[in-house]
Amino acid sequence: MNRFFTLGALLIGLAGALVAAPAALAQPSPDFIARREAFIDQLMKRMTVQEKIGQLRLRSVEAGPHPDMAGFEKEISDGRVGGIFNTVTRPAIRVLQDAAMRSRLKIPLFFSFDVIHGQRTIFPVDLGVASSWDLDAIRTMGRISAIEASADGLNLTYSPMVDISRDPRWGRNSEGFGEDTYLTSKMGAALVKAYQGDDPSQPGHIMATVKHFALYGAVEGGRDYNTVDMSERRMFEDYFPPYKAAVDAGAAAVMIALNSVNGEPATSDKWLLQDVLRKQWGFKGITISDHGAILELIKHGVAADGQDAARKAILAGTDMSMSDTIYDTNLMPLLKSGKIRIADIDRACRDVLRVKYDLGLFKNPYRDIGAAADDPPDIYAESRLHRPEARKVADESLVLLTNRDHTLPLRKSGTIALVGPLADDQVDVMGNWAGAGRIYQTVSLRQGIENAAGGKVRVLYAKGANVTDDAAMVQYLNQYNPHDVQIDPRSEADMVKEAVDAARQADVIVAAVGEAQGMAHEASSRSDITIPPVQERLLKALKATGKPLVIVLMNGRPLALTWEARNADAMLETWFSGTEGGNAIADVLFGDVNPSGKLPMTFPRAVGQIPLYYNHLPTGRPFDPAHPDKYTSRYFDITNGPLFPFGYGLSYTTFSVSDVKLSAPVMKAGGTLHASVTVTNTGDRDGATVVQLYLNQPMASVSRPVKMLRGFSRIELKPGESRVVSFPITDDDLAFYNQQVKRVVEPGKINVYIGLDSDSVKATSFNRL
Ligand code: BGC
């Protein structure tokens, strides 16, 4: 009865080895596949068409009393629902599964939720975890999320989001892993494996949904839900690999993007959903529409009405419709009128049943729900949280951007003026899509500082400013949750005065500023990526006191921080750092932890430079700062290049990187070459850093990026300690899509760059024969 055979090493343990990943992907054994398909054949023979259509329906049931619970349970027991999302406790889930068990064929429901960066324990937002450049950190988040979600009765999460974005205006950057294809692919695949393990039917595992297929992060102008127009070469080269990596890692589900791709909405794009996803990549799981996306085909202008939209979606390969009745109402008439065939419904139904089978739900529909007697007496119990793991990941996600004259770390003595709208906040620090996390269980920065420095430091707190003083913006942010942004009714002058008075009495100012979590969310694109003006005015007033100014940033996207970079004595990027955020930030502020995070996105100087990303193509007239010529590619009204480059982040210690050594001057086709450097901790404290390998092919049949990340390694060194870091380079790292969109490796010179960010690197080169 061996369920899976493993092509590599160890399974991920449930509690013990939280971060040990399987070395290679487990594949279902041929025997298992045969048994599964035979089971599904038998079941489908007994299903009515209406029951098959029912499997394609994904229904949202929000927490709290449902207005028509009886009617809703009847829909389930009539076999008209395939899966549920947004129900997050075992008692509530059990009621719904009980209804499914009263249906004619007792086909179990699956239960899903947006467990994006944690279920009960909230980790940093994904962009923050990406800043760790530590695959063990993402694995920890994935394992804990799966353990907590399955303990709540859930089977599937709508994560990872691996949409590459080169546009900080897009609000959903916080949910992804940044601008780089390689880093995002590694993070996404590791997260899928951490959720699912080798066998998702095992306790403590859930299934993953990679999203949003495809190209959602490339919406024009960074405006959410906007269109995407992109060459096929760029899709395959830069934007598709992370989705493919997640599929290769075994992701059970794919969520389809809301945007159109070259004029075809992804939801009705047969090329994307069948040719690329199924035929080229061999995907066998379910495709799920995004929220109400099938009906949106009408507004996209490619479907005449609801029935036409349902027809286009099912024919393209959209298996499940999320949160609407569109398949429920329309597939039967479409079948009767011959506009679709039963085979179209069967194909989608089979995908859903297959995932339920793989989850082990046919064997035990209550696999995660358990018996009522075993329900946690208190779902919010402290004992259900995993605080130490969340704190460690948060520690690693913080990025030190500037630190003049060793302003940081702070001493645990004297007086700190702690100011800013985000300093005493428990809502925003959790970030958006905060699972089933609880605000009151979240550690604010103020609490974190008090925990770390307790009686030794006098902390003078003043809010200083609201997160924004723009009433229309507040109204927008609070549209669905009136408590998201809380506005202090005092005048701006009074609040600034209080903060300045505190600053004058203090040795140092710590100002927590940035965005409310709702400003970096779905439907939260910004045309201005600076810190809101009312907070900037506060910072300027604080600066005028002459006291050292430490800026603690909380935000979900790269911000334009030119004034801050010039005027702050130190600046720490903390993203939205989760349940343990305040403790983690305090760890770094006081030097109990030495910061090691690196930026997963380029920080521009101004919004007008966007898109600004490190792995751009060369131009015929590159700008050369050493010889600035007029007729070169630049903006003449701003310093060229980013404020902080991709891969950048400081430490309290210093590191040196030696010249790059190659194992050979040439590489044969199919061969492997090793590039190495010696990294030394040249400072006086323990520290970690991320060594980064970039490649470039300066001459090929098509223009190649000036640099492409192809390896990274996070290392920890004691003062004076050195370590050789070696990266293998193979043809896989050099391959690209040529003019005919064929993946090729071309012989020629390859530049090799190794450094501690994408900008300051040591260089050498070799010839690929
Ligand atoms: C989002 C998805 C999310 C879904 C379900 C949509 O609005 O685009 O990312 O998974 O809602 O909550």
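Whatever order the structure lists them in is the order used to number ligands and atoms, beginning at 1.
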>> Just by distance, no angles: are the side chains of S145 and Y195 close enough, under 3.5 Å, to form a donor-acceptor pair?
In response: no
Less than 3.5 Å apart, N/O on ligand 1 and N/O on the protein: could you list those pairs with the distances?
from: ligand 1; atom 1: 7 (O); to: E522; atom 2: OE1; distance (Å): 2.9
from: ligand 1; atom 1: 7 (O); to: E522; atom 2: OE2; distance (Å): 3.1
from: ligand 1; atom 1: 8 (O); to: R172; atom 2: NH1; distance (Å): 2.8
from: ligand 1; atom 1: 8 (O); to: D290; atom 2: OD1; distance (Å): 3.3
from: ligand 1; atom 1: 8 (O); to: D290; atom 2: OD2; distance (Å): 2.6
from: ligand 1; atom 1: 9 (O); to: R172; atom 2: NH2; distance (Å): 2.8
from: ligand 1; atom 1: 9 (O); to: K211; atom 2: NZ; distance (Å): 2.8
from: ligand 1; atom 1: 9 (O); to: H212; atom 2: NE2; distance (Å): 2.7
from: ligand 1; atom 1: 10 (O); to: D114; atom 2: OD1; distance (Å): 2.6
from: ligand 1; atom 1: 10 (O); to: K211; atom 2: NZ; distance (Å): 3.1
from: ligand 1; atom 1: 12 (O); to: D114; atom 2: OD2; distance (Å): 2.5

>> Measuring centre to centre across the rings, with the benzene-like ring taken for any Trp, is Y182 within less than 6.0 Å of W133?
In response: no
>> Tell me if the centroids of the rings in W281 and F213 come within less than 6.0 Å of each other.
In response: yes
> Just by modelled atom types, is the L359 backbone N or O under 3.5 Å from a matching donor or acceptor in the H205 side chain?
Replying inline: no
> Is there a donor-acceptor contact under 3.5 Å linking the side chains of Y366 and D98?
Replying inline: yes
> Is it true that D134 and R139 make a salt bridge, defined as a side-chain N closer than 4.0 Å to a carboxylate O?
Replying inline: no
